[in-house]
Amino acid sequence: MKKIFSETGYIIVKNAISKSLIKKIQQEIYNCLKIKGSSPSKKYLKFSNLVKNIKIKEYDFTKPIFEALLYKGLLEEMFLEKKFYNSIVNLFGKDLAFCTDPGLNLNLPNKISSKKNYFFKDWHQEIWSGASPSALQIWTPFIHKDSKNGQMQIMEESHKWGHIPHMNRKPTLLPKKYKTRTLNLEYGDVIIFTTMLLHRSQITKSPRLALPCLIKN
């Protein structure tokens with residue numbers, strides 16, 4: 001695992017979070033949004049209609065949801081899931097902490113203006129936002145229509161290039177040739193990657209709520 005992470009800058013852990021915990025997390029999100037329904041598809045439809053017409057900033061919309069997941073112990077429970085925890089320990093050891101800054105990302109359909117789709121990000125490194133090069137970043141979807149509906153794209157081995165020159169949060173210098181990979185994670189799958197790895201949002205045709213979070217010693 002360490003060798004793969006060192007070479008690629010990331011690992012994907014399949015089924016890192018149990019189905020039962022994913023359902024608990026999703027239900028808490030729906031509770032926060034006062035969404036009721038008899039089936040996951042009906043709940044998602046109500047979620048989709050709600051976020052398409054939000055009148056407040058996306059950050060203000062997602063903040064209380066993140067705080068509920070944190071204070072009710074669901075995020076801690078997620079990180080302590082056996083497969084997830086063991087993967088992080090194998091990379092980092094057992095002296096661990098996760099960042100508690102509000103960190104849910106709401107991605108809206110299609111690529112529209114940044115004012116209306118703040119969390120739609122171009123190629124970037126997490127270190128641009130002040131993350132430590134020695135920290136790890138995780139990303140996992142909590143609510144989405146399906147796994148092939150546009151998630152995140154990563155630039156393979158870009159962590160080896162060091163700090164990428166940038167302006168206005170966009171890279172100003174990249175190699176002429178590079179290899180990319182588009183994620184299609186299912187519920188419970190998690191990508192763990194270095195803060196030096198270039199990544200960006202993919203255009204989605206329907207709303208998505210996902211968790212990016214930093215892990216550090």
Side-chain angles (χ1 to χ4, degrees), residues 12-85 88 97-110 112 116-121 126 137-152 183-193 199 201-215:
I12 292 175
V13 186
K14 304 292 290 185
N15 301 311
I17 310 168
S18 64
K19 292 181 179 179
S20 60
L21 181 54
I22 284 291
K23 288 181 179 179
K24 286 171 63 177
I25 290 172
Q26 291 175 334
Q27 188 56 54
E28 184 57 37
I29 293 171
Y30 288 135
N31 289 343
C32 288
L33 299 175
K34 297 180 172 57
I35 291 176
K36 297 181 180 180
S38 57
S39 68
S41 60
K42 288 183 178 180
K43 290 177 181 177
Y44 178 81
L45 181 60
K46 291 180 179 180
F47 167 78
S48 181
N49 291 333
L50 175 65
V51 300
K52 285 179 182 178
N53 297 291
I54 57 175
K55 304 298 182 184
I56 59 177
K57 294 179 180 179
E58 293 170 46
Y59 177 85
D60 294 327
F61 179 85
T62 59
K63 182 179 178 181
I65 302 173
F66 179 89
E67 290 175 343
L69 297 177
L70 173 65
Y71 296 141
K72 293 193 176 183
L74 292 174
L75 293 184
E76 183 176 0
E77 191 174 340
M78 180 191 76
F79 281 109
L80 291 176
E81 287 275 88
K82 187 175 181 179
K83 191 173 184 180
F84 193 6
Y85 176 73
I88 299 171
F98 66 88
C99 179
T100 56
D101 289 338
L104 283 178
N105 278 8
L106 174 65
N107 290 116
L108 301 176
N110 301 319
I112 54 181
K116 294 183 178 180
N117 206 355
Y118 174 77
F119 289 114
F120 189 94
K121 302 294 186 181
E126 289 303 316
Q137 175 86 356
I138 70 104
W139 188 93
T140 188
F142 279 165
I143 294 179
H144 64 160
K145 188 173 183 179
D146 58 69
S147 62
K148 296 181 180 180
N149 189 38
Q151 295 188 4
M152 188 171 73
L183 302 184
N184 57 342
L185 304 185
E186 301 288 350
Y187 286 138
D189 297 344
V190 177
I191 180 172
I192 305 173
F193 59 100
H199 56 289
S201 307
Q202 285 289 93
I203 294 176
T204 175
K205 295 180 181 179
S206 56
R208 175 182 60 247
L209 195 65
L211 174 72
C213 194
L214 287 170
I215 303 170

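Just so you know, residue 1 is the first one in the sequence shown, and it goes up from there. Worth knowing before you read on, the calculation uses all heavy atoms, side chains too, and leaves out hydrogens, waters and symmetry mates. No experiment lies behind these values; they were computed from the predicted model shown.
In this structure, Leu108 CG and Ser201 OG are separated by 11.0 Å, a value rounded to the nearest 0.5 Å. Tyr30 OH to Lys46 NZ: the interatomic distance, rounded to the nearest 0.5 Å, is 10.5 Å. Cys213 SG to Asn105 CG: the interatomic distance, rounded to the nearest 0.5 Å, is 11.0 Å. Between atom CD of residue Glu81 and atom CD1 of residue Ile22 there is a gap of 8.5 Å, rounded to the nearest 0.5 Å. How far CG of Leu211 is from CD1 of Ile29: 9.0 Å, rounded to the nearest 0.5 Å. The CD1 atom of Ile35 sits 10.0 Å away from the CD atom of Gln27 when rounded to the nearest 0.5 Å.
Two residues are said to be in side-chain contact when any heavy atoms from C-beta on lie closer than 4.5 Å; Asp189 and Asn184 fail this criterion. Proximity of Ile54 to Leu106: side-chain heavy atoms (C-beta onward) are separated by under 4.5 Å at one or more points. Annotation: side chain of His144 is in contact with side chain of Tyr187 (closest heavy-atom distance under 4.5 Å). In this structure, Met152 and Phe193 have side chains that are in contact, with non-hydrogen atoms separated by less than 4.5 Å. Put simply, the side chain of Phe47 reaches to within 4.5 Å of the side chain of Leu209, judged on heavy atoms.
Across all non-hydrogen atoms, the minimal contact from Trp139 to Pro141 is CZ3-CD, 3.8 Å. Heavy atoms only, all atoms of each residue included: Tyr44 and Pro207 are closest at OH-O, 2.7 Å. In terms of heavy atoms, Asn107 sits closest to Thr204 at O-CG2, 4.1 Å. Here the closest non-hydrogen pair linking Leu104 and Thr62 is O-OG1, 3.5 Å. Between Gln137 and Pro212, the shortest heavy-atom contact is NE2-CB, 3.3 Å. Considering all non-hydrogen atoms of both residues, Leu21 and Ile17 come closest at CD2-CG2, 3.9 Å.
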Quick one: do Lys205 and Lys145 satisfy side chain to side chain contact (heavy atoms under 4.5 Å, CB included)? Show the steps, please. CA-CA 9 Å; Lys205 295 180 181 179; Lys145 188 173 183 179; over 6 Å; no
Ile12 vs Leu183, side chain to side chain contact (heavy atoms under 4.5 Å, CB included): CA-CA, chis, key distance, verdict: CA-CA 9 Å; Ile12 292 175; Leu183 302 184; 3.8 Å; yes
With side chain to side chain contact (heavy atoms under 4.5 Å, CB included) as the criterion, how do Phe84 and Val13 come out once you've worked through the C-alpha distance, each side chain's angles and the decisive distance to 0.1 Å? CA-CA 7 Å; Phe84 193 6; Val13 186; 5.6 Å; no
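A donor-acceptor pair is defined here as one N or O able to donate and one able to accept, closer than 3.5 Å; such a pair exists between the side chain of Gln26 and the backbone of Phe142.
More than 12 non-hydrogen atoms from other residues, nucleotides or ligands lie less than 6.0 angstrom from NZ of Lys14.
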Donor-acceptor contacts, no H, no angles, side chain residues 66-79, under 3.5 Å, sequence neighbours left out:
from  : atom 1 : to    : atom 2 : distance (Å)
Lys72 : NZ     : Glu28 : OE1    : 3.3
Lys72 : NZ     : Glu28 : OE2    : 3.2
Glu77 : OE1    : Lys24 : NZ     : 3.3
Glu77 : OE2    : Lys24 : NZ     : 3.2

